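Take a look at the structure below.
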Amino acid sequence: MKVKICGITSLSDALEAIDAGADWLGFNFYPPSPRYIHPLACARLVTGIQERGYSATLAGVFVNHDVNAITTILNDCGLDIAQLSGDEPPEMLVALGERAFKGIRPAGHADLADFHNRYPRRQSPPACLIDGYRPGQYGGTGENADWRLAHRLAERSPVILAGGLNPGNVIAAIQQVQPWGVDVASGVEAAPGVKDPQKMVAFVKMVRKYTLEYLYDY
């Protein structure tokens with residue numbers, strides 16, 4: 001199971017996240033977010049990761065950017081993929097192809113149906129990220145996603161589960177949802193935008209513990 005640690009704002013946090021066992025790092029390019037990082041700072045950070053011989057899948061988090069801006073930031077920062085967490089239309093996913101996946105915040109079953117009916121299917125995982133719903137907010141609220149809805153989605157597609165996860169609840173979330181991956185930001189922080197190394201280690205350990213126990217049982 002993949003672990004994505006999102007809202008990385010410093011090189012030290014990036015390296016500690018990878019040392020903790022994170023498979024993915026997320027960089028937030030939405031200016032109102034307390035975890036916002038400027039593209040120039042992200043590019044320097046990614047260079048620092050590479051110069052030290054570290055590696056992970058690097059994702060940019062975008063909210064209502066246009067396709068050209070997303071492509072430019074992905075290329076300039078050396079990122080692998082874009083997470084579109086705003087009100088982006090299906091056409092944007094088509095334009096970006098395998099370089100992007102959608103972040104959704106379903107309030108009910110109708111929103112899941114809308115996603116399945118309107119948005120294109122990626123050839124490789126994840127199909128999407130599912131986050132907690134709060135009116136007027138674009139994720140990153142620290143509120144749990146609706147795990148029942150998330151499970152319905154995970155039965156059909158490889159999804160990343162986000163929203164309010166932390167070392168104390170991630171096993172319960174995985175057991176109920178059975179996602180392809182899990183995403184954490186505020187749940188492993190000492191302060192908004194500042195990661196806590198011990199919490200990151202604890203979070204990854206809980207995910208790996210569940211994964212090993214699941215494989216052993218089967």
Side-chain angles (χ1 to χ4, degrees), residues 1-4 6-7 23-33 35-36 39 57-75 77 79-165 173-174 176-186:
M1 180 171 296
K2 302 298 182 184
V3 175
K4 176 172 174 276
C6 203
D23 305 291
W24 287 44
L25 302 182
F27 303 95
N28 196 321
F29 299 108
Y30 181 50
S33 171
R35 301 169 188 90
Y36 170 76
T57 299
L58 306 179
V61 180
F62 300 89
V63 175
N64 299 332
H65 291 68
D66 63 44
V67 170
N68 290 336
I70 292 170
T71 302
T72 297
I73 291 173
L74 289 178
N75 293 339
C77 294
L79 304 182
D80 300 299
I81 197 164
Q83 174 185 317
L84 308 186
S85 291
D87 304 311
E88 299 86 4
E91 295 77 17
M92 187 171 289
L93 272 294
V94 173
L96 291 166
E98 291 295 295
R99 297 196 77 185
F101 63 95
K102 190 76 180 74
I104 62 173
R105 307 173 308 283
H109 293 287
D111 292 331
L112 291 187
D114 179 73
F115 172 74
H116 278 294
N117 293 335
R118 297 177 61 225
Y119 283 86
R121 299 290 183 268
R122 298 185 75 244
Q123 295 298 312
S124 55
C128 69
L129 175 143
I130 185 167
D131 207 341
Y133 173 76
R134 182 189 289 179
Q137 299 291 318
Y138 291 106
T141 63
E143 294 186 5
N144 287 355
D146 185 323
W147 292 354
R148 291 174 300 175
L149 290 178
H151 176 65
R152 288 282 300 274
L153 188 60
E155 286 182 314
R156 302 174 62 179
S157 306
V159 305
I160 297 177
L161 176 66
L165 297 181
I174 293 170
Q176 181 163 340
V177 177
Q178 295 296 311
W180 175 83
V182 288
D183 176 290
V184 64
S186 62

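This is a predicted model, so every value here is computed, not measured. Heavy atoms only: backbone and side chains are in, while hydrogens, waters and symmetry mates are out.
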Separation of [Y] [atom2] from [X] [atom1] (nearest 0.5 Å):
{"X": "K4", "Y": "L58", "atom1": "NZ", "atom2": "CG", "value": "11.0 Å"}
{"X": "M1", "Y": "Q178", "atom1": "CE", "atom2": "CD", "value": "6.5 Å"}
{"X": "L79", "Y": "I70", "atom1": "CG", "atom2": "CD1", "value": "11.5 Å"}
{"X": "L74", "Y": "D80", "atom1": "CG", "atom2": "CG", "value": "9.0 Å"}
{"X": "I73", "Y": "H65", "atom1": "CD1", "atom2": "NE2", "value": "5.0 Å"}
{"X": "D114", "Y": "I104", "atom1": "CG", "atom2": "CD1", "value": "9.0 Å"}

CZ/R156: more than 12 non-hydrogen atoms of other groups inside 6.0 Å: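 Atom CZ in R156 is not crowded, with 12 or fewer foreign heavy atoms closer than 6.0 Å.
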NE2/H109: more than 12 non-hydrogen atoms of other groups inside 6.0 Å: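 12 or below, so no.
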Any residue meeting side-chain contact (heavy atoms from CB on, under 4.5 Å) with E155, in chain and number order, not counting sequence neighbours: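 Only H151, R152 meet the side-chain contact (heavy atoms from CB on, under 4.5 Å) criterion with E155.
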For T71, all residues meeting side-chain contact (heavy atoms from CB on, under 4.5 Å), sequence neighbours excluded: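 Partners of T71 by the side-chain contact (heavy atoms from CB on, under 4.5 Å) criterion, ordered by chain and then number, come out as V67, N75, L96, R99.
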For D183, the option from L129, V61, V3 that meets side-chain contact (heavy atoms from CB on, under 4.5 Å):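 Exactly one option meets the side-chain contact (heavy atoms from CB on, under 4.5 Å) with D183, and it is L129.
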Polar side-chain atom of [X] near backbone of [Y] as donor-acceptor pair, under 3.5 Å:
{"X": "N28", "Y": "G7", "value": "no"}
{"X": "R105", "Y": "S85", "value": "yes"}
{"X": "E98", "Y": "S124", "value": "yes"}
{"X": "S157", "Y": "V159", "value": "no"}
{"X": "Q83", "Y": "G60", "value": "no"}

Ring geometry between Y119 and F115 (parallel below 30°, tilted from 30 to 60°, perpendicular above 60°):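 Taking Y119 first and then F115, their aromatic rings lie parallel (interplane angle under 30°).
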Side chain to side chain contact (heavy atoms under 4.5 Å, CB included) assessment of I81 paired with R122: CA-CA 12 Å; I81 197 164; R122 298 185 75 244; 3.4 Å; yes
